[in-house]
Amino acid sequence: MRKVWSILLVLSMLAALCVLGVQAENWDDEEEDISLEDVMNPPTAAPAPGSTPGPTPEPSPTPEPILQADGSVVITLTAVGDVTIGRNVQHSGTSIFEKELKKQGGDINFIFRNVKNIFAEDDLTIANFEGVLADDYSIPSNKKKNDFLFLGPPSYAEALSNNSVEAVTMENNHIGDFGEDGIASTIAAMEEVGVVWSNRDHMGVYEAQGLKIGMLAYQIVPPLRSDEMQASELQQKVAADIAAAKETCDLVTVSFHWGKELDYTPRNESPYSQVTLGRAAIDAGADLVLGHHSHRINPIECYKGRYIVYSLANCSFAGNNKPSDMCTFIFQCRFRVKDGEIIDNPFRIIPARISSRRDYNDFAITPFTESANINTVINTLTNKTNTKNLEYAVTAYPLEWE
């Protein structure tokens with residue numbers, strides 16, 4: 001009965017307006033559609049010019065840290081390798097990535113559809129973003145002969161934020177493919193969607209469980225460009241940057257884009273110096289070292305109780321639709337922190353393929369489920385040839401948490 005009276009009341013109001021001929025100045029000739037919802041729930045009027053605005057809504061409170069039984073907090077960090085999406089502008093026509101994107105209904109989120117839940121369940125996911133996001137571009141003279149120049153529209157950054165990739169490193173040999181304008185556009189795209197970024201001049205900072213995580217990023221990819229530092233110079237900068245980061249951050253990660261493409265083990269001869277740089281970063285106070293560039297998985301070292309992940313290989317790679325090796329892994333580490341000290345940091349890996357298909361690369365990273373495929377990844381990581389020069393190579397790769 002109340003609903004009937006409400007409807008009659010509304011109709012009476014509308015009729016009264018018509019009878020009174022209520023009009024506003026400068027209305028358009030077209031009649032405005034008005035629904036019962038509009039009348040029953042009118043929009044809040046904007047404050048008049050010169051009036052005092054109402055109180056600003058309070059920002060959403062930062063979630064309280066989840067304390068463990070012993071008073072510690074646990075940070076689960078996930079790391080993946082190269083995310084290289086978009087087209088190669090050196091090739092004409094529709095790119096392999098654009099063709100696959102069309103198959104997926106234009107939904108850029110397809111690249112993470114099979115790992116989204118993994119990323120969502122941690123505190124921080126970090127990837128190496130290797131490419132440029134920009135609407136317009138020009139190719140610097142020193143890049144015009146390159147075989148690969150990767151470019152996507154700024155909207156592609158949504159694939160990261162929509163799928164719980166909270167941070168990216170942007171210090172690699174493709175971020176400068178389109179000069180400083182391309183770098184600036186990519187940074188803007190990340191900031192627009194709330195993704196934290198880092199490069200050699202900018203530390204990314206992300207807060208979780210009441211702790212600040214500082215993320216540093218560097219590259220040393222031979223042959224070195226004129227603006228790149230030699231290993232000895234880089235080592236000094238890394239140490240200084242880590243010391244500065246430790247002043248304000250509870251955890252510090254260091255990412256290196258290093259080594260030689262297609263290598264399954266790190267190199268330490270000049271100018272690569274991967275082992276030297278990785279251990280020096282730990283000596284300087286880094287809590288985790290992450291590596292990429294080789295497009296192949298490399299072993300992990302445990303040095304002074306901290307992990308050096310020499311190569312995470314590819315994550316989503318648009319450079320080839322039939323790579324000779326599509327194996328990769330997702331690295332996860334759980335830092336248990338109490339009174340400002342890390343008291344435990346177990347890790348696990350999730351072996352995966354950079355494609356959901358076996359016959360070609362569809363750019364959608366997918367965890368392995370078959371034991372044979374999982375064992376292939378573990379056997380590669382523990383292979384004596386790949387670990388022979390790594391004194392602190394881990395011997396076991398847990399798939400579940402201890």
Judged by modelled atom types alone, do [X] and [Y] share a side-chain donor-acceptor pair under 3.5 Å?
X      : Y      : answer
Asp325 : Tyr264 : yes
Gln332 : Thr78  : yes
Ser164 : Thr125 : no
Asp107 : Asn109 : yes
Glu98  : Ser95  : yes

Set of residues satisfying side-chain contact (heavy atoms from CB on, under 4.5 Å) with respect to [X], sequence neighbours excluded:
X      : answer
Ala167 : Leu124, Ile126, Val196, Met215
Ser72  : Gln68, Asp70, Arg336, Lys338, Ile343
Phe148 : Asn88, Phe150, His174

Positive for side-chain contact (heavy atoms from CB on, under 4.5 Å) with Asn361, one of Ile354, Asn320, Ile96: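 That would be Ile354; it is the only one of Ile354, Asn320, Ile96 passing the side-chain contact (heavy atoms from CB on, under 4.5 Å) with Asn361.
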For [X], which residues count as a side-chain hydrogen bond (donor to acceptor under 3.5 Å, both in side chains) partner, sequence neighbours excluded?
X      : answer
Gln104 : Glu100, Arg113
Gln235 : none
Thr366 : Asn114
His295 : Asn314

Partners passing salt bridge (charged side-chain N to carboxylate O under 4.0 Å, His left out) against Glu269 (at least two apart in sequence or in another chain):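 Salt bridge (charged side-chain N to carboxylate O under 4.0 Å, His left out) list for Glu269, sorted by chain: Arg267.
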Should the pair Phe256 and Tyr218 be assigned to parallel (<30°), tilted (30 to 60°) or perpendicular (>60°) ring geometry?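 Answer is tilted, since the angle falls between 30° and 60°.
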Parallel, tilted or perpendicular: which describes the rings of Tyr397 and Phe347, with under 30° parallel and over 60° perpendicular? perpendicular
With sequence neighbours excluded, give me every salt bridge (Lys or Arg N to Asp or Glu O under 4.0 Å) pair touching [range].
range            : answer
residues 73-85   : none
residues 377-401 : Arg348-Glu400
residues 135-145 : Lys143-Asp177
residues 282-309 : Lys246-Asp287, Arg279-Glu301, Asp283-Lys304, Asp287-Arg306

For this output row, return yes or no: ring centroids of Phe363 and Phe317 closer than 6.0 angstrom. no
